[in-house]
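Scroll down for the structure; my scribbles are underneath it.
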Amino acid sequence: RTIAGLIWENWQQGRHKAVWVSVGSDLKYDARRDLDDVGAKCVQVHPLNKLPYSKLDSKAIGIKNGVIFVTYSSLIASSERGRSRLQQLVQWCGHEFDGLIVFDECHKAKNLIPDAGSQPTRTGKAVLEIQEKLPEARVVYCSATGASEPRNLGYMVRLGLWGDGTSFQDFPQFLGALEKGGVGALELVAMDMKARGMYVCRTLSYKGADFDTVEAPLEERMTNMYGKAAEFWADLRLELLSAGEISGEEKGVSNQIWRLYWSSHQRFFRHMCMSAKVPAVVKLAKEALAENKCVVIGLQSTGEARTEEAVTKYGVEMEDFVSGPRELLLKLVEENYPLPPKPDTFQQGEEKVTEIQRKRHSAQDVSFKGRVRKVAKMEDVSDDDSGDYSPSESSDHESSESDEEFHMCQICNSEEEKSLLLNCSGCSLRVHPSCLTPPWTGMLTDDWSCYSCKKIEGQEMEHDANVADFSKRYDSAVERKLKILDVIRSLDLPNNPLDDIIDQLGGPDKVAEITGRRGMLIRTSDGKGVIYQARNAKEVSMEMINMHEKQQFMDDKKLIAIISEAGSAGVSLHADRRAKNQRRRVHVTLELPWSADRAIQQFGRTHRSNQTSAPQYRLLFTNLGGEKRFASIVAKRLESLGALTQGDRRAGPSLSAFNYDSTYGKKALTMVYRGIMEQDSFPVVPPRCSDNQASIEEFITEAKVALVSVGIIRDATAMVKLQGSFLVVLLMQICMTLLASLTAFWDWLLTSRIGCLISL
């Protein structure tokens, strides 16, 4: 509504052109609504993605004024003829354009200045380019999360924080100063911009809002599932190491495999953490519905890629929902398990036969020439004067005689009686024994072979032995790979959380899904299986399905909504006074986003202006230390986001209790490592240990095994057989608890029987 007010104000001042850039085409309906709310019903909104690439002010299109609504994806689009949407906008505005360019949800351009080793995004470069080509335009950057890190400010060139007339020559110099200053420098930048009138940061009142973290303990089945999966990943790592040595893979290929291994490892256990929270989500949702509230469940990944792969392999009808972790593991092993080179014996055999035939043909040609010369000589001395001479008969007779008695030596090219020449049984070579190097002094036998053929025979025998060895190694590797795939299929792994939640909460008829996926698995009417179908119904297009689902929720027809980052950008799901569904929202975060700005964006779907009641936020965590370690990254970025957007690192939802990426966290981790590596003593007695040294040494051995099994250290003395999932302890839990109380840590660790370290 603030953007709509600015556009209306400029319209009244005579600036009848404006460009509104946002994240999704669905938001054009919200733009129209907001303009109507501020009284700007006369201002037309033109969605650019529905228009041709020709001039907007031409007679064919006829757009002389109004608001051009364009998405960030359209901003970087171009036609087959090479004309881009950006060029189209610049031409419509004109180089003297002084109207508004509004970058709504401008954090989409934040990767203009990426981290080292990355490339700037096309979106970031397009946002910068349109500002450069329209230097007189009035630019508004609008976002709740414009920058969670200082480098995310790179596209905001109109702020005047760097460049001519400032203390910083360019953005890299400005960025270096901010990074040295830490969070305090970010707070100073925000306060300076506010003081200069270039920055407005309004925050809705949190009065009535309820923010709470809920720990979802693992059920017994999930605990066993997690432990077995962790043991399998440790075994898979050793198997890949062994297979890589056998196959003799190159260094580059090996590095690629391990990058895929660890990225898949992280996604796998992230998925496991999500699945572990499904029972708690279902319980919270049912409790909220019983209290006459409605529920919004937030997640990031929908598992669509794994589902589509499974549908391609197994068909649209299956016995149960797809297990994302299982499909991920199967794909990793099927496509990346190191195999020795496959011996192509058939092709190599063909090449050998072809070479031998070529040599035989060459020898026959030489022998044939010798026979022809002999026949010609005999014809010259013939005394037969009769005119009945038959060339064919004479040729046949003399050739037969020559073939029986004379042959050419293929080295000295002299004729010799057949009995005095060596005849190779392999290539049919005929030579004098004395012409060979070294000369042949043995007996003239029918199975004699020349030196070349003997060498080839030796090479063939060696080659056959190598082929047999390669075949054996290859078959053995394939057999091991198939056994691993069988083990993966036998593992008890959870289903896709999104499909599981929808199924347990009543199916698609009860749950509004606002995500980016195109299809979904639903339970069949008899309940004996699932079937894959498109999300959109016959009367609703795929383009409008999310708007349709949102309206179903806002009209009180569906009381549960599930949103993902891809489908919920800019969507309003709050208890709007204009909507029929004014129940209080309970916003449950099933999966914490990768970045702080995405977390804030998703929280903002249910906490907006003109609402009848503030939402209740429930942030779910399992008692797995790995997930808390992941939350610490987001917690740290939330602090810098608050510092940069509001001049206060304490602004916004607080996850400071989860921020272990601090001085104290690093010291705690160092203490744990030094204790395990026997470089220092533990500050307290380890779990399940008495005060005697023998029990502490046993714990140290088990902890070393845990570190070795996940590749943190390489210690041959620690490579002993794992005995129970408690041996592979999550060391990050040690560090986290040391931050609060070193003594309480050991008691807490006893209750945490997990199987693997998740991406420490």
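Remember, it's a predicted structure, so these values are computed and weren't measured experimentally.
- Side-chain atoms of Tyr337 do not come within 3.5 Å of backbone N or O of Leu240 as any donor-acceptor pair.
- Among residues two or more places apart in sequence or in another chain, the salt bridge (Lys or Arg N to Asp or Glu O under 4.0 Å) test is passed with Glu698 by none.
- A side-chain donor-acceptor contact under 3.5 Å links Ser323 to the backbone of Pro494.
- Between the CG atom of Leu521 and the CG atom of Asp320 there is a distance of 9.5 Å, given to the nearest 0.5 Å.
- A salt bridge links Glu513 with Arg517: at least one charged nitrogen is closer than 4.0 Å to a carboxylate oxygen.
- Between the side chain of Arg151 and the backbone N or O of Pro114, at least one donor-acceptor pair lies under 3.5 Å.
- Note on Glu591 versus Arg270: salt bridge recorded, some NZ/NE/NH1/NH2 to OD/OE distance being below 4.0 Å.
- The main-chain N or O of Ala209 is never found under 3.5 Å from a side-chain atom of Gln616 such that the two would form a donor-acceptor pair.
- No donor-acceptor pair closer than 3.5 Å links the side chain of Lys228 to the backbone N or O of Leu491.
- Glu327 and Lys313 are joined by a salt bridge, as a carboxylate oxygen and a charged side-chain nitrogen come within less than 4.0 angstrom of each other.
- Between Arg489 and Asp486, at least one side-chain nitrogen of the basic residue sits less than 4.0 Å from a carboxylate oxygen of the acidic one, meeting the salt-bridge criterion.
- No side-chain donor-acceptor contact under 3.5 Å links Asp503 to the backbone of Asp499.
- Not counting sequence neighbours, the partners of Tyr261 by the ring pair (Phe, Tyr, Trp, His ring centres under 6.0 Å) test are Trp233, Trp258.
- The one candidate from Leu236, Leu485, Val487 that meets the side chain to side chain contact (heavy atoms under 4.5 Å, CB included) condition with Leu329 is Leu236.
- At most 12 non-hydrogen atoms from other residues, nucleotides or ligands lie less than 6.0 angstrom from CD of Glu219.
- Checked by atom type, the side-chain pair Ser263/Arg259 shows no donor-acceptor distance below 3.5 Å.
- Gln679 and Tyr673 share no side-chain donor-acceptor pair at under 3.5 Å.
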For side chain to side chain contact (heavy atoms under 4.5 Å, CB included), just list the numbers for Arg306 and Lys331, CA-CA rounded to whole Å, side-chain angles, deciding distance to a tenth of an Å, and then say yes or no.
CA-CA 9 Å; Arg306 303 285 87 81; Lys331 183 177 181 180; 3.5 Å; yes

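- Side-chain N/O atoms of Thr302 and Glu304 include no donor and acceptor closer than 3.5 Å.
- No donor-acceptor contact under 3.5 angstrom links the side chains of Thr622 and Glu215, judged on distance only.
- Using modelled atom types, no side-chain atom of Ser476 and backbone atom of Lys472 make a donor-acceptor pair closer than 3.5 Å.
- A donor-acceptor pair under 3.5 Å links the side-chain atoms of Thr307 to the main chain of Gly303, judged by distance alone.
- A tilted orientation is assigned to the rings of Phe171 and Phe174, their planes being inclined by 30° to 60°.
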